[in-house]
Amino acid sequence: MSNKLHNSSRHSFLLAWHSSNLAILHEAIRIIPRYIVAIVVEILRGLLVILLLGFVLHLAGGDRHPPPGPIACARGGTSGGCTVTNIYGSFPDRAACRAAGVAYPRTEEELVAAVAAAAAAGRKAKAATRYSNSFPRLACPGGVEGEGGVAISTRWLNRTVRVDAARRLMTVEGGMVLRDLIREAAAAGLALPHSPYWSGVTVGGALATGAHGSSLWGKGSAVHEYVVGMRIVTPAAASEGFAVVRELAADDPDLDAAKVSLGVLGIISQVTLALEPQFKRSVKFVKRDDADIAEKVAVWGRLHEFGDMVWLPGQRQVIYREDNRVNISTPGDGLNDYFGFRAQPTLSMVGARVIDECLEENPMYTDTARCLASRAVTKMFDLLAYGFTNDGATFTGYPVVGYQHRIQSSGSCMGSLEEKDDGLLLTTTCPWDRRTRGVFAYNVAFTVPLSRAPAFVADVSRLRDLDPAAFCQIDAKMGVLVRYVAASSAYLGKAEDSVDFDVTYYRSRARGAPRAHADVFDEVEQMALRGHGGVPHWGKNRNAAFDGAIARYPNAGEFLRVKDRFDPEGVFSSEWSDRVLGVGGASPAIVGDGCAMEGLCVCSDDSHCAPELGYFCRPGKVFTEARVCSLLRDAADGYLRDRHGNVRVNATSTGKHSLLHE
């Protein structure tokens, strides 16, 4: 099916896009002093060129290069000089993860042999998924450097084992990518009821981190709620060959530990999922002001089965997603090809990053410039209907009606799952592909109990009202994604119906570099986690978010008891997982000079910030129990960057400070 817009649709789009940005530029000229109008115009002009280049090249198609795998070894082998990373190419602490070797099992027997080899040698081991989508160090075996650990890749454990259409059951290997699971289920007339929005996660990875979509209806939106069976390979005694396959049925209490496990119990070989007959959904996006968002957040998840929100705090707007099942006979073959998950021209991604760095790190650019740029981005997404089309090619208006497998998830930037590492210039790829110097960002997500979500949103609104422009950076990354997650029996799942808040924002490539309004973002995070009983998403967030989080899981003790039975020697545990799970009483926070600037700790002393740059540890403005690194302008001498991107203090500064560029 063609992915080109009809000429009339394309013409309408370009006219609307041109008109919207004329309005933005007109407002810039009205409210900005003329001496920086030229700067803002050039920034917006560059942004528009980049966005339009991405749009036009998407229409033209092109060779899509999926992200590379997370493991690389010396000379392309499987032992010696191996490194393990995530899809972004950088863990929160920016430290490398090294491993002694990697195994690529293709069958369950080979998986058992790989686990047995690690256990017999007394080595640490970790599962590494196809892309390693998690931001924290979940896939890193062993300690901080992990030189002696082994990575066991599930890349080739990616097949469908069986489909029982009559019983609506599907068994797949743990390394199957969600996109393939959804497609194969649809081919059998079945549908996975819920899934995360990014289809590049593997089944095993989704279960390890509690990945979810948005719903409070029925069993809710988490993938693990639909698991009714599992085969998991765990270490064992020498008398059992150092590894065994444990088969967990739906009525096995240990399944509640294995359904969300952080990968510390073993490696999932196979998963059986309870599916539903194929169905259709009707999707409509409605933008309104956010005056009543605190009230709406309490009820929206009950009103619409798949409803969510995108909150743009800086613009005081909310994009409400009205998303419900409709009769299977309802006309429509709509498609969700979310614009942010499409393959983008690498040159445009590099250009966008350059503009991002200028707006965030160059002191000559103001909040006004950042806010204008954010409006251009959100307007572009709006005009593109966020990537939805009514027939897979054109968007003619809401609602968009389509089958579940075409609506529930997206990720077309993956293209073919076979990598094309041919040494040629990457033409298009996922925006965050680490082979380019494109998108580089923090992704944080925290879940607040539904009963406390209105108060949390009200507090964030109060903070926003103190300085609305401080939130423009969040708006520029398409705001705060608000999703709903139902209570779960999984020991590390949600203890009660909850609301998930997902935020992406700018990350500097220079370690410890100040970010505009970082204190506001950090206060929001602490407000959720420490003020409103929230918990961090297991597969996202920086170190500080996990500090003390395990204490907020009522069944954490049960999980740890299962962990001790399944893996008494801690083969699949690491320094990171032990700290997150509270084993030994250590904290996942890394405390030291400048740690709070990277989100590795919550500051308790000025040295945890950057006092030599004018950043000091201060209470939050609304949640006064928060401790954040705030810029005290009277104390700041400013900072400069040299031509290599290293942060340097101005010559007038009394302190000495040098930060290494990553």
Salt bridge (charged side-chain N to carboxylate O under 4.0 Å, His left out) partners of Arg316, counting only residues at least two apart:
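Testing Arg316 for salt bridge (charged side-chain N to carboxylate O under 4.0 Å, His left out), a comparison that skips the adjacent residues, returns Asp465.
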Does the side chain of [Y] come within less than 4.5 Å of [X]'s, by heavy atoms?
X      : Y      : result
Lys296 : Arg288 : yes
Val580 : Ile550 : no
Thr160 : Thr171 : no
Asp290 : Val457 : no
Leu581 : Val264 : yes
Arg168 : Leu190 : yes
Leu207 : Val227 : yes
Trp198 : Cys430 : yes

Nearest 0.5 Å please: distance from the [atom1] atom of [X] over to the [atom2] atom of [Y].
X      : Y      : atom1 : atom2 : result
Asp382 : Met478 : CG    : CE    : 8.0 Å
Met230 : Asp254 : CE    : CG    : 11.0 Å
Asp475 : Cys371 : CG    : SG    : 7.5 Å
Leu529 : Gln526 : CG    : CD    : 8.0 Å
Ile293 : Leu312 : CD1   : CG    : 9.5 Å
His517 : Tyr505 : NE2   : OH    : 14.0 Å

Pair [X]-[Y], side-chain donor/acceptor within less than 3.5 Å:
X      : Y      : answer
Asn541 : Tyr442 : no
His537 : Asp502 : no
Asp500 : Thr447 : yes
Glu305 : Ser215 : no
Gln408 : Ser195 : yes

Using side chain to side chain donor-acceptor pair (under 3.5 Å) as the criterion, list what pairs up with [X], not counting sequence neighbours.
X      : result
Ser587 : Asp547
Asn324 : His304
Asp356 : Lys477

Checking [X] side chain against [Y] main chain: does a donor-acceptor pair fall under 3.5 Å?
X      : Y      : result
Asn158 : Met176 : no
Lys284 : Asp323 : no
Ser409 : Tyr197 : yes
Asp292 : Glu295 : no
Arg342 : Asp337 : yes
Thr624 : Gly620 : no
Ser261 : Ala257 : no
Arg321 : Val310 : no
Glu184 : Val163 : no
Glu523 : Phe623 : yes

For Asn86 and Ser132, what are the C-alpha separation, side-chain angles and deciding distance, and is it a side chain to side chain donor-acceptor pair (under 3.5 Å)?
CA-CA 5 Å; Asn86 56 22; Ser132 192; over 6 Å; no
Candidate pair Glu558 and Lys563, rule salt bridge (Lys or Arg N to Asp or Glu O under 4.0 Å), full reasoning:
CA-CA 9 Å; Glu558 290 297 324; Lys563 172 184 174 297; over 6 Å; no
Could you walk me through whether Trp311 and Trp300 pass the ring-ring contact (aromatic ring centres under 6.0 Å, His included) check?
CA-CA 13 Å; Trp311 187 15; Trp300 195 253; over 10 Å; no
Identify each donor-acceptor pair in which a side-chain atom of residues 484-493 lies under 3.5 Å from a protein atom, sequence neighbours left out, and give them as a table.
residue : atom : partner : partner atom : Å
Tyr484  : OH   : Val297  : O            : 2.8
Ser488  : OG   : His224  : NE2          : 3.3
Ser488  : OG   : Glu225  : OE2          : 2.4
Ser488  : OG   : Ala490  : N            : 2.9
Ser489  : OG   : Asp256  : OD1          : 2.9

From the options Phe446, Phe456, Phe501, select the one residue that forms a ring pair (Phe, Tyr, Trp, His ring centres under 6.0 Å) with His532.
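When ring pair (Phe, Tyr, Trp, His ring centres under 6.0 Å) is applied between His532 and each of Phe446, Phe456, Phe501, only Phe456 qualifies.
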May I ask you to check if [X] and [Y] form a cation-pi contact, with NZ or CZ under 6.0 angstrom from the six-membered ring centre and within 45° of the axis?
X      : Y      : value
Arg507 : Tyr88  : no
Arg246 : Phe566 : yes
Arg579 : Phe546 : no

Is Arg552 paired with Glu496 through a side-chain N to carboxylate O contact shorter than 4.0 Å?
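Salt bridge: no.
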Salt-bridge contact Glu322-Arg281 (side-chain N to carboxylate O under 4.0 Å):
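A salt bridge is absent here (no side-chain N lies under 4.0 Å from a carboxylate O).
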Side chain to side chain contact (heavy atoms under 4.5 Å, CB included) with Glu525: which of Val520, Val503, Val444?
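When Val520, Val503, Val444 are each tested with Glu525, the side chain to side chain contact (heavy atoms under 4.5 Å, CB included) holds only for Val444.
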Flag the pair Trp538 / Tyr553 as yes when their ring centroid distance falls below 6.0 Å, and as no otherwise.
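Judged by ring-centre distance (under 6.0 Å), Trp538 and Tyr553 do meet the cut-off.
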List the atom of Trp432, the atom of Pro67, and the distance in Å for their closest heavy-atom pair.
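Residues Trp432 and Pro67, closest heavy atoms: NE1-CG, 4.4 Å.
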Option among Lys287, Gln315, Gln317 that satisfies the side chain to side chain donor-acceptor pair (under 3.5 Å) test with Thr378
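Going through the options one by one, the only one that passes is Gln315.
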For Asp522, the option from Lys621, Arg627, Arg542 that meets salt bridge (charged side-chain N to carboxylate O under 4.0 Å, His left out)
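Only one of Lys621, Arg627, Arg542 forms a salt bridge (charged side-chain N to carboxylate O under 4.0 Å, His left out) with Asp522, namely Arg542.
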Residues Asp391, Arg406; criterion salt bridge (Lys or Arg N to Asp or Glu O under 4.0 Å); working and verdict:
CA-CA 10 Å; Asp391 58 2; Arg406 290 170 60 83; over 6 Å; no
Test: ring-ring contact (aromatic ring centres under 6.0 Å, His included). Region: residues 259-287. Which pairs qualify, not counting sequence neighbours?
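Output for this query lists Phe285-Tyr386, Phe285-Phe388, Phe285-Tyr398.
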With ring-ring contact (aromatic ring centres under 6.0 Å, His included) as the test, would you mind laying out the steps for Phe306 and His194 before giving the verdict?
CA-CA 9 Å; Phe306 304 96; His194 293 278; 5.0 Å; yes
